**Student:** 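Pasting in a structure now, in structure tokens, and then I'll have a few things to ask.
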Amino acid sequence: MGLGKQWHVVREAYRKITKVYERANMLATLGNVDRWRREAVALFYSLVGKSTLRVLDAGAGPGNMARHLRGVRYVAALDATPEMLYVNDTADDKVVGMFEYMPFRDKGFDLVVAGYSLHAAINLERTVAEFSRVSDLQLVVSIGKPDNGFRRRLLLVYTKHILPKLVCLTAPREVCAEYEKIHTIVSAIPPNSKLREVVSRYATLITFKEKGFGSIYIYLAKSTS
């Protein structure tokens with residue numbers, strides 16, 4: 001499960017959208033992109049309450065997820081796109097690398113966060129296994145696929161026909177066209193119930209929430225491996 005051979009197409013899109021990333025995401029989520037990041041982080045502090053953490057920001061991009069953490073001692077940013085890491089001003093260290101082959105020691109982090117990045121994994125199961133290997137806790141907010149068939153069809157229509165036009169309101173045409181790749185992602189990822197099954201093989205779910213009628217999920221988990 002995951003993007004597989006289509007990953008290189010999606011990676012190229014991330015490289016091209018760096019300069020408009022957050023503005024475009026605001027439009028794509030109808031203004032909720034950062035709200036859902038904040039909600040995920042608030043869940044972590046309300047349910048776990050840890051501070052002075054060593055954090056791995058997986059698929060860090062420009063650092064928008066880690067920016068909401070507080071009391072953090074150290075943040076390492078991992079991303080496959082150097083252009084995204086270049087504009088990241090949140091991390092203490094930046095590493096170009098893949099989810100599926102993380103260059104970190106076992107349990108080297110207290111927390112791994114992934115803000116809108118897990119959906120872009122080449123191999124979902126291997127990625128979740130790596131999250132569990134390198135960190136005690138996992139906090140993820142990402143694009144999901146509703147289990148409800150009607151909602152799933154609506155999401156596919158939205159990502160294919162409406163989303164690219166919305167993004168064109170704030171981005172050049174050659175850039176906003178890259179947001180058509182979101183449809184590729186949604187088509188490839190498993191339904192949210194299957195994602196939960198995969199996570200539960202490597203971690204104990206503390207909470208799993210759906211937002212945007214299942215188009216976004218937030219989960220907090222305790223690694224078991």
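None of these values were measured; they are calculated from a predicted model.
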**Student:** Any non-hydrogen side-chain atom of Y86 less than 4.5 Å from a side-chain atom of K94?
**Tutor:** no
**Student:** Between N88 and G61 (side chain of the first, backbone of the second, donor and acceptor by atom type, cut-off under 3.5 Å), is there such a pair?
**Tutor:** yes
**Student:** Determine whether L53 and F109 satisfy the following criterion, side-chain contact (heavy atoms from CB on, under 4.5 Å), listing intermediate values before the conclusion.
**Tutor:** CA-CA 8 Å; L53 299 168; F109 299 94; over 6 Å; no
**Student:** Can a donor-acceptor pair be found, under 3.5 Å and without considering hydrogens, that links the side chain of T127 to the backbone of F99?
**Tutor:** no
**Student:** Where is the tightest heavy-atom contact between A80 and M98, given as atom of each residue plus distance?
**Tutor:** CB-SD, 4.1 Å
**Student:** So, using salt bridge (charged side-chain N to carboxylate O under 4.0 Å, His left out) as the criterion, who are the partners of D106 when residues are at least two apart?
**Tutor:** R133
**Student:** Between T159 (side chain only) and L156 (backbone N and O only), is there a donor and an acceptor less than 3.5 Å apart?
**Tutor:** yes
**Student:** Any side-chain heavy atom of L195 sitting closer than 4.5 Å to one from V199?
**Tutor:** yes
**Student:** Return the OG to NZ distance between S187 and K160, rounded to the nearest 0.5 Å.
**Tutor:** 8.0 Å
**Student:** The criterion is salt bridge (charged side-chain N to carboxylate O under 4.0 Å, His left out); which residues satisfy it with R67, sequence neighbours excluded?
**Tutor:** D89
**Student:** State, yes or no, whether a side-chain contact exists between V112 and F104 at a heavy-atom distance under 4.5 Å.
**Tutor:** no
**Student:** Between V75, V113, V140, which is the residue that forms a side chain to side chain contact (heavy atoms under 4.5 Å, CB included) with M65?
**Tutor:** V113
**Student:** Evaluate the side-chain proximity of L139 to L111: yes if any heavy-atom separation is below 4.5 Å, no if none is.
**Tutor:** yes
**Student:** For E125 and Y202, what are the C-alpha separation, side-chain angles and deciding distance, and is it a side-chain contact (heavy atoms from CB on, under 4.5 Å)?
**Tutor:** CA-CA 9 Å; E125 181 141 3; Y202 301 94; 2.8 Å; yes
**Student:** Measuring from atom CD1 of I216 to atom NZ of K145, what distance do you get when rounded to the nearest 0.5 angstrom?
**Tutor:** 14.0 Å
**Student:** State, to 0.1 Å, how close D57 and G63 come at their nearest heavy-atom pair, and which atoms those are.
**Tutor:** OD2-CA, 4.1 Å
**Student:** Within the 4.5 Å heavy-atom criterion, are P62 and M84 side-chain neighbours or not?
**Tutor:** yes
**Student:** Okay, side chain of Y116, backbone of V33: is any donor-acceptor separation there less than 3.5 Å?
**Tutor:** yes
**Student:** Enumerate the disulfide bond (SG atoms under 2.5 Å apart) contacts for residues 103-171, please, sequence neighbours excluded, ordered by first and then second residue.
**Tutor:** C168-C176
**Student:** Could you list the residues that satisfy ring-ring contact (aromatic ring centres under 6.0 Å, His included) with Y219, not counting sequence neighbours?
**Tutor:** none
**Student:** Going hydrophobic residue to hydrophobic residue with side-chain gaps under 4.5 angstrom, can you get from I189 over to F150?
**Tutor:** no
**Student:** Can any side-chain N or O of K222 pair as donor or acceptor with the backbone N or O of Q138 at less than 3.5 Å?
**Tutor:** no
**Student:** Using modelled atom types only, decide if a donor and an acceptor are shared between the side chain of H119 and the backbone of I143 within a distance under 3.5 Å.
**Tutor:** yes
**Student:** Could you tell me if the side chain of L154 sits less than 4.5 Å from the side chain of F213, heavy atoms only?
**Tutor:** no
**Student:** Test side-chain contact (heavy atoms from CB on, under 4.5 Å) on S193 and D147; report intermediate values, then the result.
**Tutor:** CA-CA 7 Å; S193 58; D147 291 294; 2.6 Å; yes
**Student:** Can you find a pair of side-chain heavy atoms, one from L78 and one from L56, that are under 4.5 Å apart?
**Tutor:** yes
**Student:** From N32 CG over to M26 CE, what is the distance, rounded to the nearest 0.5 angstrom?
**Tutor:** 8.0 Å
**Student:** Of all the heavy-atom pairs spanning A221 and A203, show the shortest one and how long it is.
**Tutor:** CB-CB, 3.8 Å
**Student:** Ignoring hydrogens and geometry, is there a side-chain-to-backbone donor-acceptor pair from R54 to R73 under 3.5 Å?
**Tutor:** no
**Student:** Rounded to the nearest 0.5 Å, what separation is found between the CD atom of E100 and the CZ atom of R126?
**Tutor:** 7.5 Å
**Student:** Could you tell me if the side chain of L137 sits less than 4.5 Å from the side chain of F44, heavy atoms only?
**Tutor:** yes
**Student:** Which atom pairs, one a donor and one an acceptor, fall under 3.5 Å between side chains of residues 204-211 and the rest of the protein, sequence neighbours left out?
**Tutor:**
| from | atom 1 | to | atom 2 | distance (Å) |
| --- | --- | --- | --- | --- |
| E210 | OE2 | N192 | ND2 | 2.8 |
| K211 | NZ | E39 | OE2 | 2.8 |

**Student:** R38: which residues meet the salt bridge (charged side-chain N to carboxylate O under 4.0 Å, His left out) condition with it, sequence neighbours left out?
**Tutor:** D34
**Student:** Would Y158 and L166 count as a side-chain contact (heavy atoms from CB on, under 4.5 Å) if you check the C-alpha gap in whole Å, the side-chain angles of each, and the deciding distance to 0.1 Å?
**Tutor:** CA-CA 10 Å; Y158 172 73; L166 275 178; 3.5 Å; yes
